[in-house]
Number of protein chains: 4
Amino acid sequence: MTNPYRAVLIVHNETSTGVTCDMAAIRQAMDAAGHDALLMVDTVSSLASIDFRMDEWRVDIVICGSQKGLMLPPGLGILGVSRRALALAASHGGSPRHFWDWEPIMRENRIGLFPYTPATLMLFGLREALRMLVDEEGLDNVYARHTRLAEGVRAAVRAWGLPFVCEDPRTASNTITAVRTPPGVDSNELLKHARERYALSLGGGIGELNGQAFRIGHLGSLNELEVLGTIGGIELACADLGLDIETGSGLLACQRAFLGSGARITSPALAAVV
Amino acid sequence: MTNPYRAVLIVHNETSTGVTCDMAAIRQAMDAAGHDALLMVDTVSSLASIDFRMDEWRVDIVICGSQKGLMLPPGLGILGVSRRALALAASHGGSPRHFWDWEPIMRENRIGLFPYTPATLMLFGLREALRMLVDEEGLDNVYARHTRLAEGVRAAVRAWGLPFVCEDPRTASNTITAVRTPPGVDSNELLKHARERYALSLGGGIGELNGQAFRIGHLGSLNELEVLGTIGGIELACADLGLDIETGSGLLACQRAFLGSGARITSPALAAVV
Amino acid sequence: MTNPYRAVLIVHNETSTGVTCDMAAIRQAMDAAGHDALLMVDTVSSLASIDFRMDEWRVDIVICGSQKGLMLPPGLGILGVSRRALALAASHGGSPRHFWDWEPIMRENRIGLFPYTPATLMLFGLREALRMLVDEEGLDNVYARHTRLAEGVRAAVRAWGLPFVCEDPRTASNTITAVRTPPGVDSNELLKHARERYALSLGGGIGELNGQAFRIGHLGSLNELEVLGTIGGIELACADLGLDIETGSGLLACQRAFLGSGARITSPALAAVV
Amino acid sequence: MTNPYRAVLIVHNETSTGVTCDMAAIRQAMDAAGHDALLMVDTVSSLASIDFRMDEWRVDIVICGSQKGLMLPPGLGILGVSRRALALAASHGGSPRHFWDWEPIMRENRIGLFPYTPATLMLFGLREALRMLVDEEGLDNVYARHTRLAEGVRAAVRAWGLPFVCEDPRTASNTITAVRTPPGVDSNELLKHARERYALSLGGGIGELNGQAFRIGHLGSLNELEVLGTIGGIELACADLGLDIETGSGLLACQRAFLGSGARITSPALAAVV
């Protein structure tokens, strides 16, 4: 292989910044370059909440976990592997491997087994989660719901006048929104107060954003009312700490965004029961 | 007994109207009348959310269930009985009874048993609920929280301009608020839409209020953010159905009520975890 | 009504003695007498473990609970009522009733509701229990399994040389076996030791059998191996207390009974998973 | 480092053969050789069921999981690391690492956090498991119980006349017993029948023992009665398949072993409830 690149590794949805990559464009760029690198994608915070097309985008390796869009506790690492990647792994003699070897897992899976102790409770949960997502709500409705909820969150942030960490609105994530706190405000203080006073769990700024940003997660099992509670809670926490944002402005903007959405779709919680 | 009344039966908190009785005043009136009737109180929708004082008010029989302020699934009927009521039940030969007899239960309870199959899972749950209410949050904080949440709900209803079923604000319940819908609006339609579109479960008008009122429950495990979600959801459902209330007015009023409350108490959900 | 009897009340399976009534014979006797009394049957410890035929035996009222053959926690009272009993209840003006009135429940049930707070968790559990009993194992297999397990238990008791409380083997219950302890042995001591040393929960003698008998429950979710553990545990407890029964005799007899049964039916635990 | 060995890796309890290593002797041998190799021990199938002394034996790295002696579902990998191993890892610049780096985990752990998404449900479960093992039953009692149960299992296997895979009785494991099936018998057939007919899950022969051995697990939450059910079930499965072992011989031998043990310790299941 004269070409030095073996694989392109992409995080589909970047949780620290709240940015979603345009996978179709990445695939097109690779095709345009005539490059045969493997395409590997981390979908941990997007799968089952944001549209992802392994086949259409010819993704070779998809990595995911159970604890986000799949609405389960942490405990499963999920891997999707293309035939091309499988063949490459089987043919390639270079790197010795044991724990990372796919072959024993696939061999056992064929007869309904697993080479190590499987997390059976999680597998039962995964079956139910897939029923809820695919059969009861429908994946297209799931994606539309997360678009709607994310637009509500973004409307609130704009009303507050706080800058998004994600600078290009076209790449704003539908599962997480990272927001910069005003200068002089320690975002970790805000998180602590929201958690202790309102049982509201926000994400902190990661890496160089530590102390300068907070993150609002809006993926998985979630509906409009929970988003309103979240936005209202952030405002209450900000007011308690004397931050200069107009209390209620985000709440109204968020609610207005939901109103305008005109959606008439049964919410997932109910669909699961009926 | 020349006096024809044997007992005064009171519902401490009336769920269909959202009215809380002034138990201290009732006790005083009975004392002033020199009446020896038993005082029996239904606390199903108040106990552990609204202050209740069996000893101080010399209540003879207190009836409660597990599924409201005690935050458990339905399944336990709970009875508090005064020594006077016990003595009366033991001495009174008039009415034959078996299932309603307290004696077998008390006899078995003394040795840690129960005369019928006990709902053991509920008893474990009750032990944990009491830990949360008494040890972790503290009953006074629980009562203060429900006062605060109820004031938020009432502020929202006033902002909507809708009449309360409870006409005297001094008796408004801190666990449930019944609201009259505008003339011409079927409250059952509103309930149905809120449930199906927003997974929001409101109570219907009961008896002659059927179709003319809806009820907002705010007892048990609940915090400010959940109340904001509830108020916001009612507004969205009303807007969807074209009801003439100003969307966002209740949400803002509710949030403002929480802001003004100045409370700095750790919320119960978090206290239970830490 | 010149005839003084309004109803015949039968306990299908008597838990204190371990006797099952011959319901078909009782129905025949009532028919032979040309009597129109209602036939009411308590099936608490038999339904879903021992064959019961409400329609064929023209039973008017069937009473059951959730916590035995239906394999759920205690919490549901279940009532089956014939059209004849319904008509009688509706037409009969004699006895005032409220809590005991069927009409409100039936009216609400028709539209998927319940007049009081329903035990929803139990209803979900009941749906799953019925799937396990009817779809996965099949009721006939369930009854055959309980016959097989009961025969194992009875073989053990005979090997011990201890008398059954149930004197006629033809009426021995397939869900519970009551056994007399040898003279001079307090059965409550045996129970206490089995519970504390072996985590084995046996039933005590009830009423006049208190202290003189113990009861082995074998209904609901149970298989051969659990019965062997139970029989072995009783023997260990007896040996610890110095009772004069031959340790191992019951265990061998029970196992031999299972061997001879020739059954090749998949056990229920597994059926439920696969 | 002139010495070619950096570490001695030991599996404390070998699940495929049912052999427990003598860790004290291994430590002594290493000391006698004056060797400074790290001592790393896999305790997956021994910890919390068989005595293990990290400090006394100066073990540098202990590896365990949640799903065996700790009585939890699979989901936690647990690592114990000595100060010496920590210092070595910190000082050694040779091997780049990220996922395998202990430093981020220790840094976050110090402030109650975790660098990745923690399996919180498992951590709550672990807290309860430790309460049960250490506070309620007591580790010494836990180890004594597993010795007692293992002796019952071994008595049964000897009665059957089947050879142990573990040839030296002094190293027989107290958590798992591997048994050779008679020549001509496929142990996988036995496993399949035991699972499908008796819901009894046995382990298969691993590697070259595949088809020639089966394994009886007896670790974690287990008591005498469950062992009797297991032994009785193996005998029933063998009898169904026509294997030449005397039905009941193992059951009797196992029960006799329990009888002779003279233990009067409250079983763990009960201790946890009381």
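Lettering follows sequence order; numbering is per chain, from 1.
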Item to complete: Look at the aromatic rings of D/Tyr116 and D/Phe99 and report parallel, tilted or perpendicular, splitting at 30° and 60°.
Response: tilted
For [X] and [Y], does a side-chain donor sit closer than 3.5 Å to a side-chain acceptor?
{"X": "D/Ser46", "Y": "D/His12", "value": "yes"}
{"X": "A/Glu189", "Y": "A/Ser187", "value": "no"}
{"X": "D/Asn174", "Y": "D/Arg145", "value": "no"}

Fill in: Worked verdict on D/Phe52 versus D/Val41 for side chain to side chain contact (heavy atoms under 4.5 Å, CB included)
CA-CA 10 Å; D/Phe52 183 82; D/Val41 186; 3.8 Å; yes
Worksheet item: Which of residues 206-219 of chain D get closer than 4.5 angstrom to chain A, counting heavy atoms alone?
Response: none
Worksheet item: Quick one: does D/Leu126's side chain get under 4.5 Å of D/Leu130's, heavy atoms only?
Response: yes
